[in-house]
Amino acid sequence: MNLRLERTKVPKKRPSDQELSGIKFGTVFTDHMLLIDYGEGKGWHDGRIVPYGPLSLDPAACCLHYGQLIFEGMKAYRTKEGSIVMFRPDRNMARMNESCGRMCIPPIDEKEFLAATAELVSLEEAWVPSAPGTSLYVRPFIIANEPFLGVRASQSYLFAVILSPVGAYFTEGLSPIRIYVESDYVRAVRGGTGFAKCAGNYAASLKSQEEAHKAGYSQVLWLDGVERKYIEEVGGMNIFFVIDGEVVTPELNGSILPGITRMSIIELVKSWGMPMSERKISIGELEDAHRSGKVQEAFCAGTAAVISPIGELKWNENVMIFNDNKIGRVSQRLYDEITGIQTCALEDKFGWVYRVK
Ligand SMILES: *Cc1c(COP(=O)(O)O)cnc(C)c1O
């Protein structure tokens, strides 16, 4: 794809690595963004990098009414040598196409769109911070922008990528989080859109998230929407347990988001020769295992924090404390190895690193 480049005339001052630690996630953006249009008969066209700024939308643009909207989330890192890399961005582009399929959005050319995204990151190279734990968050998204109020798939779309420098998720080591098991609301159902990174899933989860915050918890753990019994995932992260020496995570069932961190953890744990299983796990089974002292660790996994140990999990009146509220051995090793590979401090045995510059 031939990208047109229109440079900003008013470059912003980029926050220093130190300033970043005081800035809320996703509130500062770089100077430029990538835009690609889609039109019926024209396909994806007019790829361009332009100054970051407001989008112009017709008030009847269908995404504003019916939520035909998807997104992705990944990061670019600066290595010790100063080069810029991304972690498995081909998987994000493939997942974006899965989301497109579910939401009736025309597919993207994964390689071409990744190359265009990398070109934007490369142009904004100076915005990639270098302090440990910092990165440049990359947010691709697609909106349906045909102006009409009928309920059907749009015939025009906009693909966009914006970039936001982010500080370390945990400023002083990995601190275990408190979670409660949601028993009123559900996030996704079988046959629904749980596996897609579509905007509506997140709008639907806000109520529960708000109640969790009020009660002093940082996240909720979702159960399956049918039997309300099987563990699914946490807000924007997948979940893992270490039970009796085995790493266990819920199997993908269409309502769980297939995390790239999740996928990487499964491959890493298997490469260590440690037992790893993807299967159904009910909250009752977890309670029993916890009662008999078999749950050694619990943690969440996602791009933002990589690994978040779970210190406390509350299910109705039962409060389960894992590993004395401290980070466990497996969680720490996964964090160290994944972040090591992401920043090229460790050897990239799996071919996960994508070189931008
Ligand atoms: C994005 C996301 C994840 C984590 O996916 P990663 O690719 O590891 O960042 C997990 N659950 C939900 C609901 C998500 O939106």
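In this chain, numbering begins with 1 at the start of the sequence shown. Counting starts at 1 for both ligands and their atoms, in listed order.
In summary, the side chains of Ser154 and Asn145 do not present any donor paired with an acceptor at a separation below 3.5 Å, with no hydrogens or angles considered. A side-chain N or O of Tyr185 and one of Glu211 form a donor-acceptor pair less than 3.5 Å apart.
Of the heavy atoms in Arg91, none comes closer than 4.0 Å to ligand 1. By the criterion of a heavy-atom distance under 4.0 Å, neither the backbone nor the side chain of Met74 is placed next to ligand 1.
Interface of Glu233 with ligand 1, defined as ligand atoms under 4.0 Å from a residue heavy atom, comprises 10 (C), 11 (N), 12 (C), 13 (C). Every atom of ligand 1 is numbered from 1 in the order shown, and the set under 4.0 Å from a heavy atom of Arg95 is 5 (O), 6 (P), 7 (O). In the vicinity of Gly259, heavy-atom distances shorter than 4.0 Å reach the ligand 1 atoms 5 (O), 6 (P), 7 (O), 8 (O). When each atom of ligand 1 is checked for a heavy atom of Thr261 under 4.0 Å away, the hits are 6 (P), 8 (O). Each of the following atoms of ligand 1 lies closer than 4.0 Å to a heavy atom of Thr303: 6 (P), 7 (O), 8 (O), 9 (O).
A cation-pi arrangement, defined by a distance under 6.0 Å to the six-membered ring centre and an angle within 45 degrees of its axis, is present between Lys280 and Tyr230. A cation-pi arrangement is absent between Arg228 and Trp222, since the terminal nitrogen or guanidinium carbon is not both under 6.0 Å from the aromatic centre and inside a 45° cone about the axis. Taking the ring axis of Phe148 as reference, the NZ or CZ atom of Arg152 stays within 45° of it and closer than 6.0 Å to the ring centre. Cation-pi geometry between Lys294 and Phe241 is not satisfied (NZ or CZ under 6.0 Å from the ring centre, within 45° of the ring normal).
In this structure, Trp44 and Phe159 have perpendicular ring planes: the angle between them is above 60°, well past the 30° mark.
In terms of protein heavy atoms, atom 2 (C) of ligand 1 is closest to Lys197 NZ, 2.6 Å. At the top of the distance list for atom 15 (O) of ligand 1, counting protein heavy atoms only, stands Tyr202 OH, 2.4 Å.
For the pair Asp324 (side chain) and Lys326 (backbone), a donor-acceptor distance under 3.5 Å is absent.
Compare Gly302, Gly235, Gly236 by their heavy atoms: the one nearest to atom 3 (C) of ligand 1 is in Gly236.
Checked by distance only, ligand 1 and Asn238 stay at 3.5 Å or farther apart across all their nitrogen or oxygen atoms. Below 3.5 Å of separation, one finds no N or O of Arg187 facing any N or O of ligand 1.
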